[in-house]
K.L.:
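Dumping the structure here so I can ask a few things about it.
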Amino acid sequence: FEAYVGTRAHRRQQPGRAFEKAQYTWDMVTSYALFRNLQRQQLIGCAVAQALTPRYGYEVPAIIEAAGVADEYDQCFDLSLELYSLLQQAGHPVEAQYATLLGHRLRWKLTHNATDAIRLIERTPNSPAMRKLQFSLHAHLAETHPLIAEMILLA
């Protein structure tokens, strides 16, 4: 394995083609904003998301807490849940999804190979949420394939 991988001095030295054979499926719950950001950056080509719902909750970002507007932030999410529930009760489950906010969590599944997993984990994070996702994926990968996880260069 070490001979095949070699010594990776930096992230641009990609592992060999054999890493395309190892397949992973991740079941995740992240913010909808992070999911859309990963789609925009074309990092998750084979992702399948469940319908949007406020029922998975949300996190209050540290910057919101620091600004002292956490109560107002919570009110927005409370209103969103109320509108979502009203639309569902009225028989509009598809339209109810529009009541969700970018901060709401979304459950989704990602299937990709080891090469794509390495690219996603090694990518320079652009947010604390992305960094948290990368560490989580790396930890789960280490449980299954510790040798592959060892060769990943975390930023």
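What you see is a predicted model; the values in this text were computed from it and never measured. Position 1 is the first residue of the sequence; numbering continues from there.
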K.L.:
Can you tell me if His140 uses its side chain to pair, donor with acceptor, with the backbone of Leu137 under 3.5 Å?
P.N.:
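Absent.
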
K.L.:
For the residue pair Leu110 and Leu120, establish whether any side-chain heavy-atom pair is separated by less than 4.5 Å.
P.N.:
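Yes. Closest side-chain heavy atoms under 4.5 Å.
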
K.L.:
What's the spacing between Leu133 CG and Arg123 CZ if we round to 0.5 Å?
P.N.:
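Reported value, rounded in 0.5 Å steps: 12.5 Å.
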
K.L.:
Just verifying a value: how many Å separate Gln88 CD and Leu83 CG, rounded to the nearest 0.5 Å?
P.N.:
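Here the interatomic distance stands at 11.0 Å.
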
K.L.:
For a quick test of your reading: what N or O donor-acceptor pairs under 3.5 Å do the side chains of residues 74-82 make, sequence neighbours left out?
P.N.:
unit_1, atom_1, unit_2, atom_2, d
Asp74, OD1, Tyr58, OH, 2.7
Ser80, OG, Ala99, O, 2.3

K.L.:
Looking at side-chain heavy atoms only, is the closest gap between Phe35 and Ile44 below 4.5 Å?
P.N.:
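Phe35 vs Ile44: side chains touch.
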
K.L.:
I'd like to check Tyr84 versus His104 (side-chain heavy atoms, cut-off strictly below 4.5 Å). Are they in contact?
P.N.:
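A side-chain contact is absent here, since even the closest heavy-atom pair is not under 4.5 Å.
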
K.L.:
Report yes or no: do Tyr98 and Leu102 belong to one cluster of Ile/Leu/Val/Met/Phe/Trp/Tyr joined by side chain heavy-atom distances under 4.5 Å?
P.N.:
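Tyr98 and Leu102: separate clusters.
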
K.L.:
Where do Ala51 and Leu106 come nearest, in terms of heavy atoms and distance?
P.N.:
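Distance-wise, the nearest heavy atoms are O-CD1, 4.4 Å.
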
K.L.:
Could you pull out the closest heavy-atom pair between Ala70 and Val60, with the gap in Å?
P.N.:
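Minimum heavy-atom contact is CB-CG1, 4.2 Å.
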
K.L.:
Does any N or O in the side chain of Glu95 come within less than 3.5 Å of the main-chain N or O of Leu87, such that one atom is a donor and the other an acceptor?
P.N.:
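Not confirmed, Glu95 side chain does not pair with Leu87 backbone.
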
K.L.:
With the 4.5 Å side-chain cut-off for hydrophobic clustering, are Val48 and Trp26 part of the same group?
P.N.:
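Not linked; separate clusters.
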
K.L.:
For Gln42, does the CD atom sit with more than 12 other heavy atoms under 6.0 Å from it, leaving out its own atoms?
P.N.:
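No, the 6.0 Å shell around CD holds no more than 12 heavy atoms from other groups.
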
K.L.:
Measure across Ala47 and Trp108 and return the closest heavy-atom pair with its distance rounded to 0.1 Å.
P.N.:
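Result for this residue pair: CB-CE3, 3.9 Å.
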
K.L.:
Would Tyr24 and His145 count as a close aromatic pair, with their ring centres under 6.0 Å?
P.N.:
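Yes: the rings meet the under 6.0 Å criterion.
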
K.L.:
Just so I know, are the side chains of Tyr32 and Thr100 near enough to count as touching, which here means a heavy-atom distance under 4.5 Å?
P.N.:
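Result no, sub-4.5 Å side-chain heavy-atom pair not found.
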
K.L.:
Would you find more than 12 non-hydrogen atoms of other residues, nucleotides or ligands less than 6.0 Å from Ile63 atom CD1?
P.N.:
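No.
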
K.L.:
Quick one: CZ on Arg105 to CG on Leu52, what's the gap to the nearest 0.5 Å?
P.N.:
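Rounded to the nearest 0.5 Å, the CZ-CG separation comes out at 14.5 Å.
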
K.L.:
Kindly compute the distance separating CD (Glu122) from CZ (Arg12), expressed to the nearest 0.5 Å.
P.N.:
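Between atom CD of Glu122 and atom CZ of Arg12 there are 11.0 Å.
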
K.L.:
Side chain to side chain contact (heavy atoms under 4.5 Å, CB included) with Arg40: which residues, sequence neighbours excluded?
P.N.:
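Expected list: Arg36, Asn37.
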
K.L.:
Restricting to side chain to side chain contact (heavy atoms under 4.5 Å, CB included), what partner residues turn up for Arg107, sequence neighbours left out?
P.N.:
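So Arg107 forms a side chain to side chain contact (heavy atoms under 4.5 Å, CB included) with Asp27, Val29, Gln50, Tyr56.
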
K.L.:
Atom CD of Glu20 and atom CG of Asn113: how far apart are they, to the nearest 0.5 Å?
P.N.:
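These two atoms lie 5.5 Å from each other.
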
K.L.:
Measure the CZ-NE2 distance between Arg119 and His112 for me, rounded to the nearest 0.5 Å.
P.N.:
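Rounded to the nearest 0.5 Å, the CZ-NE2 separation comes out at 11.0 Å.
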
K.L.:
Please walk me through it: do Leu38 and Thr30 pass side-chain contact (heavy atoms from CB on, under 4.5 Å)?
P.N.:
CA-CA 11 Å; Leu38 292 170; Thr30 64; 5.9 Å; no

K.L.:
After noting the C-alpha distance and the side-chain angles of Leu34 and Met28, does the key distance pass the side-chain contact (heavy atoms from CB on, under 4.5 Å) rule?
P.N.:
CA-CA 11 Å; Leu34 178 61; Met28 296 187 263; over 6 Å; no

